[in-house]
There are 2 protein chains.
Amino acid sequence: MANLSDVARKAGVSVTTVSRFLNGSLSLPEARAQQIRDAVSELRYVPNPHARRLSRGRSDAIGLVVPDIAGPFFAKLVAAVEEEADRRGLGLVLHATLNRPAREVRYLDSLRMRHLDGMIFVTNRAADAALLDAVRSCRHLVLLDEDVPGADVPKVFCDNEAGGRMAGSHLAAMGHRSVLFVGGASEMISGRRRYRGFEQELQRIADGPVRIERVLGPYTPETGRDAARHYLQMDPRPTAIFASSDDIVIGLIEVLRDALITIPDDVSLIGFDDVGPLHLFAPPITAIRQPVRELGGRALGIVLDTLRNDTGEPAPTEELLPVTLVERASVAPPAGRSNAAVNRRASP
Amino acid sequence: MANLSDVARKAGVSVTTVSRFLNGSLSLPEARAQQIRDAVSELRYVPNPHARRLSRGRSDAIGLVVPDIAGPFFAKLVAAVEEEADRRGLGLVLHATLNRPAREVRYLDSLRMRHLDGMIFVTNRAADAALLDAVRSCRHLVLLDEDVPGADVPKVFCDNEAGGRMAGSHLAAMGHRSVLFVGGASEMISGRRRYRGFEQELQRIADGPVRIERVLGPYTPETGRDAARHYLQMDPRPTAIFASSDDIVIGLIEVLRDALITIPDDVSLIGFDDVGPLHLFAPPITAIRQPVRELGGRALGIVLDTLRNDTGEPAPTEELLPVTLVERASVAPPAGRSNAAVNRRASP
DNA sequence: GTGCGCTTGTAAAACGCTTTACCGAGGGTG
DNA sequence: CACCCTCGGTAAAGCGTTTTACAAGCGCAC
């Protein structure tokens with residue numbers, strides 16, 4: 001495998017000249033330039049990336065750490081980041097934490113040790129002091145999707161509060177006054193904000209007494225199953241459920257179906273994320289859609305900005321990307337209350 | 001940031017000694033060892049990975065290239081490989097080809113240029129000469145899930161033919177004699193083998209005339225939609241459909257539902273992959289399940305074997321991992337033919 | 001003709017590690 | 001006593017770039 005000095009020898013110049021020419025920091029008269037280009041192609045020279053990285057002190061690769069890869073939300077996120085990284089000629093090294101604190105810290109360390117130029121970090125659990133410390137001591141890090149409160153690094157989230165408001169307003173407009181909110185643990189910003197927006201708008205539109213019960217837990221099918229079991233024991237039962245993730249929807253449907261509860265006749269259901277094939281479920285599930293692709297792209301963009309513009313430490317921003325309501329067939333007016341003010345969609 | 005010579009100075013020994021001690025190629029009397037350990041922890045020394053890689057000529061990272069990341073099958077595959085790589089202390093650099101030939105070749109080049117120690121490669125399209133060339137010239141490469149015929153590298157597939165047989169035997173046992181096979185383009189080994197096993201076993205069990213129609217195409221929802229449209233125009237219509245991927249199932253259901261065809265009353269459906277939430281569809285879909293986790297783990301294992309045992313070039317193997325039939329509620333005896341020999345499962 | 005600055009280079013020092021080749025001392029063996 | 005081996009350790013040569021510091025040649029203004 002040819003190296004720089006082979007090229008230099010063949011072209012009859014020094015390695016420095018070749019290196020600088022190839023990196024564009026030296027312009028040569030056409031004759032010389034062509035000699036070098038010829039040597040490169042004859043020798044099929046390709047710079048050794050390890051040497052280059054050692055010399056330059058950077059790796060042209062960024063890290064992406066997510067709690068999990070297999071689920072549809074993170075899978076789409078990873079895909080979005082990978083695509084954007086590739087477009088910019090960056091490598092992407094991928095890590096899954098499986099929500100284990102030790103791993104989160106370990107991967108952050110690998111950023112601090114300069115294995116990587118930058119990192120996009122998404123966590124899924126309530127942050128603790130160790131994580132906060134680790135995050136704080138990192139440069140070129142951006143937090144995505146979920147907060148680590150107190151960390152002064154750039155952050156990119158979807159507009160969770162607006163999403164909550166959309167869900168609340170949709171349910172309220174359909175006539176629901178008693179709902180079950182099932183969502184993320186309240187120490188997590190996404191959960192808190194979704195709930196806040198939801199409650200606010202539900203109250204505002206309902207313009208009368210509303211009842212909101214809550215089941216909290218991680219964004220997993222298990223939380224959905226728990227919530228469904230709780231729902232089954234409630235009396236009276238709420239007329240609608242706001243599930244704040246796709247996975248929660250999945251668990252919910254599983255046990256609701258077994259209990260012969262039908263959606264939306266017995267209870268309305270609205271989800272959050274909208275990355276899985278929710279449109280194929282029975283019935284197709286109405287949900288708040290997160291802009292996954294934009295989330296990933298924007299996060300990468302910010303990492304690169306902090307790389308370029310290393311001076312001046314720009315004020316860490318918190319960016320909110322807009323969500324949208326995707327109406328399908330899982331939300332209807334409450335049973336026994338045929339709300340004429342509402343244009344009910346047919347469920348297949 | 002401390003480096004090796006700082007540690008050596010502090011411990012009062014030479015860099016060589018520290019390096020060899022730290023890498024386990026030198027064992028020292030306890031006193032010396034402790035001096036070095038102390039120096040390391042006082043200085044918070046961590047070896048510079050770029051330097052180490054340059055020096056050793058390897059990166060302790062392997063590549064994983066897949067056609068796409070966002071879909072559930074590849075997402076699960078990526079997750080499996082990542083987990084296994086992490087367990088072994090290896091980095092994972094991820095690339096998506098989006099089925100673009102140029103990208104496939106480019107990523108293979110990056111393996112040949114020694115950017116990475118090894119690579120797991122999964123393609124999704126019929127191979128061409130350029131791809132074959134690229135694959136052939138790579139070392140420490142393993143092909144996963146889909147073949148590049150003619151390449152003499154290790155390969156890991158699921159047992160597609162056995163999966164086909166299972167589907168065929170299941171449908172035949174239920175009484176189906178006229179079926180629609182929708183599957184991968186026939187230049188692709190997975191498609192060919194699934195079909196071969198399917199046809200073989202269907203014929204064998206049916207023990208009489210059977211009719212198999214085929215719709216071929218990539219493993220995408222669009223192929224499923226095409227197939228469904230084709231199905232709707234057939235006369236007489238087949239009584240069962242074998243869709244050889246989850247994505248095909250999704251497309252199929254979409255248009256079948258719109259056409260008010262119900263499963264399994266009007267037509268039985270059996271899928272392949274079983275990685276999405278098929279159990280939540282209406283009805284839950286019976287499918288052949290691929291051992292995704294094992295596939296990923298095994299592929300990585302083989303890459304590492306070729307790394308360790310670089311001499312002797314062991315005969316490239318083709319390993320087949322077993323699939324299983326997961327019975328749900330989308331297969332029933334053909335309408336109007338209440339087959340008493342069959343224990344029909346209730347569909348919810 | 002001296003000094004200045006631009007062009008076209010070059011030599012050599014990092015970058016931080018691994019690894020090869022050696023070497024002295026101590027201890028057993030014949 | 002000569003010999004050989006092992007243990008504990010060292011010096012130095014890579015690994016393949018980038019980058020800094022410097023220089024020869026040359027035109028040009030003063």
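Everything numeric in this text was worked out from a predicted model, so none of it was measured.
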Figure out the [atom1]/[atom2] separation between [X] and [N], and round it to whole Å.
{"X": "Arg58(A)", "N": "dT17(D)", "atom1": "CZ", "atom2": "P", "result": "16 Å"}
{"X": "Asn48(A)", "N": "dG16(D)", "atom1": "CG", "atom2": "C1'", "result": "6 Å"}
{"X": "Leu54(A)", "N": "dG14(D)", "atom1": "CG", "atom2": "P", "result": "17 Å"}
{"X": "Asn23(A)", "N": "dT20(D)", "atom1": "CG", "atom2": "P", "result": "13 Å"}

Contact span of DNA chain C against chain B, any nucleotide atom under 4.0 Å from a heavy atom, 5' to 3', runs dG16(C) to dT20(C)
Can you confirm whether the side chains of Glu146(A) and Ser190(A) place a donor and an acceptor under 3.5 Å from each other? yes
Going by atom types alone, do Arg112(A) and Ser137(A) pair a side-chain donor with an acceptor below 3.5 Å? yes
For a quick test of reading the model, state the closest non-hydrogen atom pair linking Leu116(A) to Gly63(A) and the distance between them. CG-N, 3.7 Å
Restricting to non-hydrogen atoms, name the atom on Leu132(A) and the atom on Ala151(A) that form the minimum distance, rounded to 0.1 Å. CD1-N, 3.6 Å
Within the sub-3.5 Å range, which N or O atoms of nucleotides 7-13 of chain D have a protein N or O partner, and how far apart are they?
residue	atom	partner	partner atom	Å
dG9(D)	OP1	Arg32(B)	NE	2.5
dG9(D)	N7	Arg20(B)	NH2	3.2
dG9(D)	O6	Arg20(B)	NH2	3.3
dT10(D)	OP1	Ser14(B)	N	3.4
dT10(D)	OP2	Ser14(B)	N	3.0
dT10(D)	OP2	Ser14(B)	OG	2.9
dT10(D)	OP2	Thr17(B)	OG1	2.4
dA11(D)	N7	Thr16(B)	OG1	3.2
dA11(D)	N6	Thr16(B)	OG1	2.9
dA12(D)	N6	Thr16(B)	OG1	3.2

Counting Watson-Crick and G-U wobble pairs whose two distances are both under 3.5 Å, find the runs of 3 or more in a row that involve DNA chain C. C:1-30 with D:1-30
Are Leu90(B) and Leu304(B) packed together at the side-chain level, in the sense that at least one heavy-atom pair is separated by less than 4.5 angstrom? yes
Side chain proximity check, Phe73(B) to Gln290(B), heavy atoms < 4.5 angstrom: yes
Would you sort out whether Glu104(A) and Arg125(A) count as a side-chain contact (heavy atoms from CB on, under 4.5 Å), showing the intermediate values? CA-CA 11 Å; Glu104(A) 294 187 333; Arg125(A) 61 181 187 98; 2.8 Å; yes
Taking only Lys NZ, Arg NE, NH1 and NH2, and the carboxylate oxygens of Asp or Glu, determine whether [X] and [Y] approach each other closer than 4.0 Å.
{"X": "Asp60(B)", "Y": "Arg52(B)", "result": "no"}
{"X": "Arg298(A)", "Y": "Glu84(A)", "result": "no"}
{"X": "Asp305(B)", "Y": "Arg308(B)", "result": "yes"}

Counting the atoms with a prime plus P, OP1 and OP2 as sugar-phosphate, which does Phe21(A) contact under 4.0 Å by heavy atoms, base, sugar-phosphate, or nothing? nothing
Side-chain donor/acceptor of Arg103(B) to backbone N/O of Ala96(B), under 3.5 Å: yes
